[in-house]
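Single-structure report; data block below.
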Amino acid sequence: MNRVEDTLPPCPECAGEYTYEMGALMVCPSCAHEWAPTDSASEDLDVVKDAVGNILADGDTVTVVKTLKVKGSPTGIKSGTKVRNIRLVQGVGDHDIDCKVDGIGPMQLKSSVVKKV
């Protein structure tokens, strides 16, 4: 037999287990926090942030914040290089940006080495 307390999520603020529904909201009687049940689902989405914490989106322009070595290129990518029209992808390892760097060609970068312009 399932009880109501077993199916409701705990409070995201204080982790209280005695939450209840009040209309379209969830309520925690311990800390009086109210939230919509869909809020927790939107927090689970993968958000890609740059080196300083700005949220990145497809089509953004970014600047490389540190010099990167590129296999097969004598110069690599210098700090301050602008990269236009990025695409967010699930790449190899931590590489989550797909782009084309002028003078180098198409490649994937880590979001931790770029800053949104």
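Every heavy atom of this structure was used, including side-chain atoms; hydrogens, water molecules and symmetry mates were not. In this chain, numbering begins with 1 at the start of the sequence shown.
- The backbone N or O of Val65 lies less than 3.5 Å from a partner atom in the side chain of Ser79, making a donor-acceptor pair.
- Rounding to the nearest 0.5 Å places CD of Gln108 at 10.0 Å from CD of Gln90.
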Chi angles and distances behind the side-chain contact (heavy atoms from CB on, under 4.5 Å) call for Val89, Asp96: CA-CA 5 Å; Val89 295; Asp96 45 12; 5.7 Å; no

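- Side-chain atoms of Ile86 and Asp58, non-hydrogen and from C-beta on, never get closer than 4.5 Å to each other.
- Applying the salt bridge (Lys or Arg N to Asp or Glu O under 4.0 Å) definition to pairs two or more places apart or across chains, those involving residues 104-117 are Asp60-Lys116.
- Annotation: ring pair (Phe, Tyr, Trp, His ring centres under 6.0 Å) contacts of His95 (sequence neighbours excluded): none.
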Candidate pair Leu56 and Ile97, rule side-chain contact (heavy atoms from CB on, under 4.5 Å), full reasoning: CA-CA 9 Å; Leu56 296 173; Ile97 296 174; 3.9 Å; yes

Stepwise side-chain contact (heavy atoms from CB on, under 4.5 Å) test for Val101 and Met107: CA-CA 7 Å; Val101 180; Met107 63 180 354; 3.7 Å; yes

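- Side-chain atoms of Thr19 come within 3.5 Å of backbone atoms of Pro9 as a donor-acceptor pair (strictly under, hydrogens ignored).
- The minimum heavy-atom distance linking Cys99 with Val83 is given by the pair CB-CG1, 3.5 Å.
- Val117 and Leu109 end up in different hydrophobic clusters when Ile, Leu, Val, Met, Phe, Trp and Tyr side chains are linked at under 4.5 Å.
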side-chain contact (heavy atoms from CB on, under 4.5 Å) between Tyr20 and Cys28, worked out: CA-CA 7 Å; Tyr20 61 91; Cys28 176; over 6 Å; no

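- There is no side-chain donor-acceptor pair under 3.5 Å between Ser111 and Asp50.
- Lys49 pairs by the side-chain contact (heavy atoms from CB on, under 4.5 Å) definition with Val47, Ile55, not counting sequence neighbours.
- Closest heavy-atom contact between Cys31 and Cys14: SG-SG, 3.7 Å.
- By the side chain to side chain donor-acceptor pair (under 3.5 Å) test, Asn85 is found to be paired with no residue, residues two or more places apart in sequence or in another chain being considered.
- When side chains are defined from C-beta on, Trp35 counts as touching Cys11, because their heavy atoms get closer than 4.5 Å.
- Listed by first then second residue, pairs satisfying side-chain hydrogen bond (donor to acceptor under 3.5 Å, both in side chains) with a partner in residues 62-78 number zero, not counting sequence neighbours.
- Qualifying salt bridge (Lys or Arg N to Asp or Glu O under 4.0 Å) partners for Asp98, counting only residues two or more places apart in sequence or in other chains: Arg87.
- Considering only heavy atoms from C-beta on, Arg84 stays 4.5 Å or farther from Lys100 through its side chain.
- Inter-residue side-chain proximity for Glu21 and Val27 is flagged as unmet; no heavy-atom pair is nearer than 4.5 Å.
- Put simply, OG on Ser30 and CD on Glu17 are 8.5 Å apart, with the number rounded to the nearest 0.5 Å.
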